[in-house]
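Working notes for the structure below.
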Amino acid sequence: MNHTQRIAHVARQRRSLTKALVREAVERYLEALAAEIASGEWVDLPGIGKIQVIQEEANGVLTSFGKNSQR
């Protein structure tokens, strides 16, 4: 499902919401989420988990962190 299809899907589920209102709500949520992620803090995404983006010098290897910040 792409962004436009998701907007239409949510609008159909709640008849009182227009596509424009749903689009605005989703876009504002994603903007706030992007700002939070960019700040480097842990961000909790329900149904997905917690994520944190940090920038550090490395040798070009992507490392994932598990629980308790274990690599």
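Since this is a predicted model, take the numbers as computed values, not measurements. FYI, side chains are in, hydrogens and waters are out, and symmetry mates aren't considered; it's all heavy atoms of this structure.
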### Task
Apply side chain to side chain contact (heavy atoms under 4.5 Å, CB included) to Ile51 and list each qualifying residue two or more places apart in sequence or on a separate chain.
Ile37, Val43, Leu45
### Query
What pairs with Glu36 under side-chain hydrogen bond (donor to acceptor under 3.5 Å, both in side chains), at least two apart in sequence or on another chain?
none
#### Entry: Those residues that, when tested against Arg28, pass salt bridge (Lys or Arg N to Asp or Glu O under 4.0 Å) (two or more places apart)
Glu24
### side-chain hydrogen bond (donor to acceptor under 3.5 Å, both in side chains) partners of Glu41, counting only residues at least two apart
none
### Shortest non-hydrogen separation from Gln52 to Gly40 and the atoms involved
NE2-O, 2.8 Å
